[in-house]
Amino acid sequence: MPPDVDWKNIDTVLLDMDGTLLDLAFDSGFWLELVPQALSKKRQIPLAEARQLIHREYLAVRHTMNWYCFDYWCEKLDLDIYQMTSDIGNTARLRDDTTPFLQQLRHSGRRTILLTNAHPHSLSVKVKHTGLDQHLDLLLSTHTFGYPKEDQRLWAAVQRQTGFDPARTLFVDDGEAILDAAKTYGIRYCLGIENPDSTMASQSFQGHPSISDYRSLLPIG
């Protein structure tokens, strides 16, 4: 579904981080490869068994705050998720189309807000290695509110803090369930990212317009 982005009616752009501004390959490699490998080594179990165990644990908390919470996974798996993330921070990468898009948004005078479910430590590590903060007006982790983006209470809290007008806001994310939540809250323009992970096949969206390159949205009037 092609996007219908009417820039003259948009004041605020809310942007997800992982898979939306950053290449999701960092997180895919971490949670699907490094964490199972570390668990396999720590518990001295076959890698395949570690993968199955972690997959079950992931599914049990999907779309909840625990899914994104480092403290939860440190306790659940008895692994130092904080240090493991720091150790590979230098492999975090911006999408190729992110910088020109954010530069034009800033030049246009629109407010740009990062709204991520990523844990604050993950956000800090990625900002350190990508300089993402240089292009944004405000960076928010949903952990500071206590609800993920899938929860309507999160959107109400963010609106109270930032004062964004849902009718004049564009929200971009790579997750359909999250876009659904934003649309339910009343955000007028919701846009999906078809290619969040450079190492995996593209995805399609059932209920939202989507793009594979921000440059298709340029120029921004």
Side-chain angles (χ1 to χ4, degrees), residues 1-22 24 63 65 68 94-95 97-118 120 122-123 126-127 130 132-196 203-221:
M1 192 189 308
D4 178 22
V5 177
D6 185 1
W7 287 115
K8 69 178 183 296
N9 288 320
I10 294 172
D11 300 325
T12 301
V13 182
L14 299 175
L15 297 149
D16 173 47
M17 180 171 67
D18 300 314
T20 299
L21 297 179
L22 301 187
L24 192 61
H63 299 312
M65 205 74 256
Y68 307 99
L94 290 170
R95 291 170 52 98
D97 53 342
T98 291
T99 299
F101 179 56
L102 293 182
Q103 286 176 337
Q104 282 221 19
L105 281 174
R106 172 151 288 180
H107 183 70
S108 76
R110 288 173 177 81
R111 184 168 56 154
T112 53
I113 300 173
L114 181 77
L115 182 60
T116 178
N117 279 335
S122 179
L123 174 57
K126 289 165 182 172
V127 163
T130 66
L132 182 61
D133 57 325
Q134 300 169 27
H135 305 288
L136 296 159
D137 298 317
L138 181 64
L139 288 80
L140 299 175
S141 166
T142 60
H143 288 254
T144 63
F145 298 95
Y147 309 107
K149 284 181 284 186
E150 292 89 334
D151 193 312
Q152 291 296 299
R153 291 171 292 183
L154 181 279
W155 295 101
V158 172
Q159 187 180 18
R160 284 194 297 271
Q161 177 168 328
T162 66
F164 76 84
D165 179 353
R168 298 186 61 83
T169 295
L170 166 66
F171 173 58
V172 189
D173 201 286
D174 64 308
E176 183 121 34
I178 293 174
L179 291 167
D180 288 345
K183 185 175 182 179
T184 297
Y185 188 71
I187 293 180
R188 182 175 179 183
Y189 301 98
C190 294
L191 184 64
I193 296 298
E194 298 167 1
N195 54 342
Q203 60 182 358
S204 59
F205 291 81
Q206 301 303 310
H208 303 278
S210 59
I211 58 169
S212 59
D213 194 317
Y214 289 119
R215 286 165 290 211
S216 67
L217 300 177
L218 306 181
I220 299 170

Under the side chain to side chain contact (heavy atoms under 4.5 Å, CB included) criterion, do Arg111 and Thr162 qualify, and how do the steps go? CA-CA 10 Å; Arg111 184 168 56 154; Thr162 66; 3.9 Å; yes
Closest non-hydrogen atom pair, Leu24 against Gly19: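 Nearest pair, atom of Leu24 first, then Gly19: CB-CA, 3.7 Å.
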Whether [X] side chain and [Y] backbone form a donor-acceptor pair below 3.5 Å:
{"X": "Gln159", "Y": "Phe164", "answer": "yes"}
{"X": "Gln103", "Y": "His135", "answer": "no"}
{"X": "Arg110", "Y": "Val13", "answer": "no"}
{"X": "Thr98", "Y": "Leu21", "answer": "yes"}
{"X": "Asp16", "Y": "Val172", "answer": "no"}
{"X": "Arg153", "Y": "Gly146", "answer": "no"}

- Query: Less than 4.5 Å apart, any side-chain heavy atom of Phe101 and any of Leu15?
  - Reply: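 Phe101 vs Leu15: side chains touch.
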Who are the side-chain hydrogen bond (donor to acceptor under 3.5 Å, both in side chains) partners of [X], not counting sequence neighbours?
{"X": "Asn117", "result": "Tyr68, Thr142, Glu150"}
{"X": "Gln203", "result": "none"}
{"X": "Arg215", "result": "Asp213"}
{"X": "Ser122", "result": "Lys126"}

So which pairs with a foot in residues 163-179 pass salt bridge (Lys or Arg N to Asp or Glu O under 4.0 Å), sequence neighbours left out?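 Matches after skipping sequence neighbours: Asp11-Arg168, Lys149-Asp173.
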What is the distance from atom [atom1] of [X] to atom [atom2] of [Y], rounded to the nearest 0.5 Å?
{"X": "Ile113", "Y": "Thr169", "atom1": "CD1", "atom2": "OG1", "value": "8.0 Å"}
{"X": "Ile193", "Y": "Phe205", "atom1": "CD1", "atom2": "CZ", "value": "7.0 Å"}
{"X": "Leu179", "Y": "Gln206", "atom1": "CG", "atom2": "CD", "value": "12.5 Å"}

Gln104-Tyr214 side chain donor-acceptor pair, cut-off 3.5 Å =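 Not at all, the side chains of Gln104 and Tyr214 share no donor-acceptor pair under 3.5 Å.
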Inset, instruction - Kindly write out the residues that satisfy salt bridge (charged side-chain N to carboxylate O under 4.0 Å, His left out) with Arg95, not counting sequence neighbours, or none if the list is empty. - result: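 If we apply the salt bridge (charged side-chain N to carboxylate O under 4.0 Å, His left out) test to Arg95, skipping adjacent residues, the hits are Asp97.
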